[in-house]
Amino acid sequence: MTGVGDVLPVRGDGRHMRVGLLGGSFNPVHDGHVQLACRALRQLKLDQVWFLVSPGNPLKPVAGMAPLSQRLALVRARIRGVHGRRLLATDIESRIGTRYTVDTLRRLKQLFPHVHFVWLMGADGLAHMGRWRRWRDIVRMVPLAILPRPGYNPAALHGQIARRLARWRRPARQAGRLAMCRPPAWVFLPAPQNAISATQIRASQANSGHGRE
């Protein structure tokens, strides 16, 4: 996978902007991902959201994972024309050789030193964040924006990670300033909830005879 046509240079650049990072396998991309990105653009007053299409999530099984090139192409097709060029999909993790969020963030901050990053994720991500490699380093590197996810909100907001980060939680009315906050800082953004998941989509495709196997 060479990243031909990717707008993010592996040597970085001097762009100045506020960027939301939405990482994941996107296996496949669905409306919930796009809705999260669009809401983050508005509420966090971001210039762009980057879909970081992972070469392989260490916490997810390899079985059933579509090739990176296919997943990247589907994300690009899905976001084409949405908010102009403010949403973009990239395989930069593959090209800079990172798989863990903590390593990706460190390299992106080095490559784009004038960008103010915010890590975007659903409530399920916050609920499970204790399993992430060096999650404490992650919350010290970038602010976090959490969006609701059916079935996960109580576990996320009252779980171990939220309790440990409670002193750094910002009210939703301050979301527009989050990108400029010195981490640790995080906000929970109330929003309409979308229960769709990539797992459900794959199961539906398999049941209808359109699975990848």
Side-chain angles (χ1 to χ4, degrees), residues 6-8 13 15-26 28-54 71-72 74-90 92-93 101 104-105 108-109 112 114-129 138-139 141-154 156-157 161-162 165-166 168-198 201:
D6 200 306
V7 297
L8 295 181
D13 58 35
R15 68 184 72 193
H16 291 71
M17 57 175 57
R18 302 180 183 191
V19 172
L21 299 173
L22 183 57
S25 302
F26 303 105
V29 65
H30 55 69
D31 288 345
H33 296 133
V34 180
Q35 290 170 7
L36 187 157
C38 292
R39 184 165 294 275
L41 276 176
R42 294 192 302 270
Q43 293 189 247
L44 301 176
K45 300 187 186 305
L46 302 174
D47 297 300
Q48 291 183 334
V49 169
W50 297 354
F51 286 70
L52 303 178
V53 185
S54 171
R71 290 182 281 119
L72 180 64
L74 288 174
V75 177
R76 286 178 171 163
R78 180 62 182 81
I79 65 176
R80 186 175 297 124
V82 179
H83 284 290
R85 297 185 179 181
R86 297 179 67 194
L87 302 183
L88 65 89
T90 176
I92 195 167
E93 283 187 295
T101 300
T104 296
L105 287 174
L108 290 180
K109 287 172 66 69
F112 305 96
H114 304 296
V115 171
H116 296 279
F117 291 113
V118 177
W119 186 261
L120 310 175
M121 61 181 172
D124 52 327
L126 182 62
H128 297 147
M129 198 172 186
I138 293 173
V139 301
M141 281 193 280
V142 294
L144 311 177
I146 315 300
L147 282 92
R149 185 81 186 274
Y152 290 97
N153 301 324
L157 294 178
I161 303 300
L165 301 179
W168 294 292
R169 183 178 175 182
R170 304 297 179 95
R173 65 178 180 275
Q174 296 180 9
R177 301 199 294 270
L178 184 67
M180 307 305 294
C181 289
R182 180 177 179 178
W186 66 286
V187 66
F188 183 81
L189 297 176
Q193 301 182 48
N194 191 325
I196 192 172
S197 73
I201 293 174

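Just so it is clear, the model here is predicted, and its values are computed rather than measured.
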Parallel under 30°, tilted from 30 to 60°, perpendicular over 60°: which one fits the rings of Phe51 and Phe26? tilted

Which atoms form the tightest heavy-atom contact between Asp47 and Arg86, and what is the distance? O-NE, 3.2 Å

Should we say atom OH of Tyr152 is surrounded by more than 12 heavy atoms from elsewhere, each under 6.0 Å from it? no

Using 0.5 Å steps for rounding, measure from the CZ atom of Arg39 to the CG atom of Leu44. 10.5 Å

Arg78: partners by salt bridge (Lys or Arg N to Asp or Glu O under 4.0 Å), with sequence neighbours left out: Asp31

Rounded at 0.5 Å granularity, tell me how far NE2 in His83 sits from CZ in Arg42. 5.5 Å

Test item: Val49 and Ile79 side chains (from C-beta on) under 4.5 Å apart, heavy atoms: no

Nearest non-hydrogen partners of Val139 and Pro183, listed with the distance: O-CB, 3.4 Å

Does a side-chain heavy-atom distance below 4.5 Å link Leu87 with Cys38? yes

Could you tell me whether the side chain of Arg18 and the main chain of Val118 form a donor-acceptor pair under 3.5 Å? no

Taking all heavy atoms of Ala185 and all of Arg182, pick out the closest pair and write down the distance. CB-O, 4.0 Å

Evaluate Leu52 against Thr101 for side chain to side chain contact (heavy atoms under 4.5 Å, CB included), listing each step before the verdict. CA-CA 10 Å; Leu52 303 178; Thr101 300; over 6 Å; no

Testing the basics here: between Cys181 and Pro143, what is the closest heavy-atom pair and its distance to 0.1 Å? O-CG, 3.7 Å

What pair of heavy atoms forms the shortest contact from Ala179 to Leu46, and how long is it? CB-CD2, 4.4 Å

Just do the side chain to side chain contact (heavy atoms under 4.5 Å, CB included) check on Val187 and Arg169 with the steps written out, would you? CA-CA 6 Å; Val187 66; Arg169 183 178 175 182; 6.0 Å; no

Applying side chain to side chain contact (heavy atoms under 4.5 Å, CB included), run through Arg177 and Arg170 and close with a yes or a no. CA-CA 10 Å; Arg177 301 199 294 270; Arg170 304 297 179 95; over 6 Å; no

From CD (Gln48) to CE (Met17), nearest 0.5 Å: 4.0 Å

Is there a side-chain contact between Phe188 and Leu126, using heavy atoms and a 4.5 Å cut-off? no

Can you name the nearest heavy-atom pair linking Val75 to Val53, along with the distance? CG2-CG2, 4.1 Å

Within-4.5 Å side-chain heavy-atom neighbours: Leu105 and Leu21: yes

What's the spacing between Gln35 CD and His30 NE2 if we round to 0.5 Å? 9.5 Å

Going from CH2 on Trp119 to OG1 on Thr104, what distance comes out if it is rounded to the nearest 0.5 angstrom? 6.5 Å

Any side-chain heavy atom of Leu8 within less than 4.5 Å of one from Arg15? yes

Intermediate values then yes/no, side chain to side chain contact (heavy atoms under 4.5 Å, CB included), Leu120 and His33: CA-CA 10 Å; Leu120 310 175; His33 296 133; over 6 Å; no

As an exercise, state the distance from CD1 of Ile146 to CG of Leu36, rounded to the nearest 0.5 Å. 9.5 Å

